[in-house]
Amino acid sequence: MKTLIISAIAIVSLGLTACSSNKGPLNEGFGDAVNQNTAVHIIPPKYAAVKDIDMNGNRAGLAMDRYKTGNVIPPSTESTSSIGEE
């Protein structure tokens, strides 16, 4: 009986220590990436009320039609390095 009690106490002790976390406190930068992504995708309130946009759907559609038919110069490819280019 004594062996059973000691075994039960040992098993319970091991079970309780397995549940404890040995991680320290999180790094002070934890969550910075999520906070940055959230900030990028939220419109600030001072800009949310802006309705005077200098573009409309018809104008954008005409610009796309001109681009597709080749009536405009397509944008050039930009590069940040000229190594190996002649």
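All values below were derived from every heavy atom in this structure, side-chain atoms included, with hydrogens, water molecules and symmetry-related copies excluded.
For the atom pair CG of Asn37 and CG of Asp32, the computed distance is 11.0 Å after rounding to the nearest 0.5 Å. The CZ atom of Arg59 sits 15.0 Å away from atom CE of Met64, with the distance rounded to the nearest 0.5 Å.
When side chains are defined from C-beta on, Arg66 counts as touching Leu62, because their heavy atoms get closer than 4.5 Å.
With sequence neighbours excluded, the residues that form a side chain to side chain donor-acceptor pair (under 3.5 Å) with Thr69 are Asn71.
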